[in-house]
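Before any comments, here is the structure.
Worth saying up front: this structure is predicted, and the values here are computed from it rather than measured.
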2 protein chains.
Amino acid sequence: MQANKLDLRLTKGAKKVLEAMGGIRTLATAQDIHSLLRTDGDEAPGLTTVYRALDALVSQGLVQAVELGDGEKRYELIKPGEHHHHLICSSCKDSVHLDQCLIKDLDTLIKSKYGFQVSSHLLEIFGTCKKCSEKKTR
Amino acid sequence: MQANKLDLRLTKGAKKVLEAMGGIRTLATAQDIHSLLRTDGDEAPGLTTVYRALDALVSQGLVQAVELGDGEKRYELIKPGEHHHHLICSSCKDSVHLDQCLIKDLDTLIKSKYGFQVSSHLLEIFGTCKKCSEKKTR
DNA sequence: ATAATATTGAAAATCATTTTCATATTCACA
DNA sequence: TGTGAATATGAAAATGATTTTCAATATTAT
Ligand SMILES: [Mn+2]
Ligand SMILES: [Mn+2]
Ligand SMILES: [Zn+2]
Ligand SMILES: [Zn+2]
């Protein structure tokens, strides 16, 4: 049991959000998380606070925001400072969390070829997952 | 001068949108395109029609929608049926159009490793372009 | 022509996210 | 430990891109 050094700069609301996110492994919207908190217990933070908490958590590298191209951001807990991408099934909406970034090590190439200094990227892959493929075939 | 076989299924408004897009090489929002059309001449289609035209053009593979993660889609003309990705400068908002898809040929690997059938993907890279890097150094 | 079908666009609706602003909480430190 | 400054909270309103409605037009088929 070691003290969690990362809690230091976390607001009361952010801690609750973080805790709620610890309980799920799916990509959740701000509203999903808010509902979850409201359902769980009392003392649940308001939606505005959830949005603010998510911003803070993303800034601190504890959470990543995932863009799927519909107008709604998803969030998920990550290993601090890391990031990863997904295979997202258009049919069941479930997603496979990839273990490593598919375009890691590309930054150097891009820098030398275009003089462009990469700072971040957006990468998500859509299609049909194994289960859903089997269903259709059946 | 050969007849353009692709015009067949294009609405009057869609043709105007297509023409307007032919004149720009930047990523444009629906509203950008609408403004452009309004400025250019009369007979400009309304914003609703521009949205509908863009949908149609994307379906037909003449235009691609680009997601940057701010809540506003960009559109650009593409070589029919193809697609590409960008290096987007967070400073000047300008973008480098990459000549080839960085994750082409990955579909097969993903299919065999996860049983996931890829149908599309989202990939954009953010950072600082050459010009803007030089400005800051100067 | 005439009726059926598709296109258009102004206005209203949607809906995730942000902003406001007043209240409550936490903090610094005298 | 009190007290004022700084920060956090949340309800309500605002924002803004996109979508929906629906009535008027234009196009197409018979
Ligand atoms: Mn994930
Ligand atoms: Mn491009
Ligand atoms: Zn990555
Ligand atoms: Zn690609």
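Both B:Tyr75 and B:Val17 belong to a single network of hydrophobic side chains, linked directly or stepwise wherever heavy atoms of I, L, V, M, F, W or Y lie under 4.5 Å apart. The cluster map of Ile, Leu, Val, Met, Phe, Trp and Tyr, joined by side-chain heavy atoms under 4.5 Å apart, puts A:Phe126 and A:Leu122 in the same cluster. B:Leu54 and B:Ile78 end up in different hydrophobic clusters when Ile, Leu, Val, Met, Phe, Trp and Tyr side chains are linked at under 4.5 Å. In the hydrophobic clustering of this structure, A:Val63 does not group with A:Leu27; members are Ile, Leu, Val, Met, Phe, Trp, Tyr whose side-chain heavy atoms approach within less than 4.5 Å, directly or through other members. By the criterion of side-chain heavy atoms lying less than 4.5 angstrom apart, applied directly or through intervening Ile, Leu, Val, Met, Phe, Trp or Tyr residues, B:Leu123 is grouped together with A:Leu98 in one hydrophobic cluster.
Taking the side chain as every heavy atom from C-beta outward, A:Val96 and A:Cys129 never approach each other to under 4.5 Å. With a 4.5 Å cut-off on side-chain heavy atoms, B:Leu57 and B:Leu77 do not count as touching.
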Expected rows: protein N/O vs nucleotides 4-7 of chain D N/O, under 3.5 Å:
none

Report, one pair per line, the protein and nucleotides 25-28 of chain D atoms (nitrogen or oxygen only) whose separation is under 3.5 Å.
unit_1	atom_1	unit_2	atom_2	d
D:dT27	OP1	B:Lys12	NZ	3.0

Pairs under 3.5 Å (N/O, protein and nucleotides 14-16 of chain D):
none

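Within the 3.5 Å criterion, the main-chain N or O of A:Cys92 finds no donor-acceptor partner in the side chain of A:Lys131. With hydrogens and angles disregarded, no donor-acceptor distance shorter than 3.5 Å links the side chain of A:Glu124 to the backbone of A:Val66.
Taking A:His121 as the reference, A:His83, A:His85 meet the ring-ring contact (aromatic ring centres under 6.0 Å, His included) condition, with sequence neighbours excluded. The side chain to side chain donor-acceptor pair (under 3.5 Å) search around A:Ser119 returns none, not counting sequence neighbours. For the side-chain contact (heavy atoms from CB on, under 4.5 Å) test, no residue two or more places apart in sequence or in another chain qualifies with A:Arg25. The side-chain contact (heavy atoms from CB on, under 4.5 Å) search around A:Arg52 returns A:Thr48, A:Thr49, not counting sequence neighbours.
Using modelled atom types, one finds a donor on one side chain and an acceptor on the other under 3.5 Å when comparing A:Asp32 with A:Thr29.
The salt bridge (charged side-chain N to carboxylate O under 4.0 Å, His left out) pairs that include a residue from residues 59-78 of chain A are A:Asp70-A:Arg74, where partners are two or more places apart or lie in different chains.
The two residues A:Ala44 and A:Arg38 come nearest to each other via the heavy atoms O-NH2, 3.5 Å.
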Per-pair distances, 0.1 Å, donor-acceptor, side chain in residues 102-116 of chain B, under 3.5 Å, sequence neighbours excluded:
unit_1	atom_1	unit_2	atom_2	d
B:Ser112	OG	B:Thr108	O	3.4
B:Ser112	OG	B:Leu109	O	3.0

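Running 5' to 3' along DNA chain C, contacts with non-hydrogen atoms of chain B at under 4.0 Å begin and end at C:dT7 to C:dA11.
The stretch residues 43-58 of chain B touches DNA chain C through B:Ala44, B:Pro45, B:Gly46, B:Thr48, B:Thr49, B:Arg52, each having a heavy atom under 4.0 angstrom from the strand.
Each end of the helix from C:dA1-D:dT30 to C:dA30-D:dT1 gets its own rotation axis from five pairs of C1' atoms, and the angle between them is 30° to the nearest 10 degrees.
Atoms CD1 (B:Ile33) and C1' (D:dA17) sit 14 Å apart, rounded to a whole Å.
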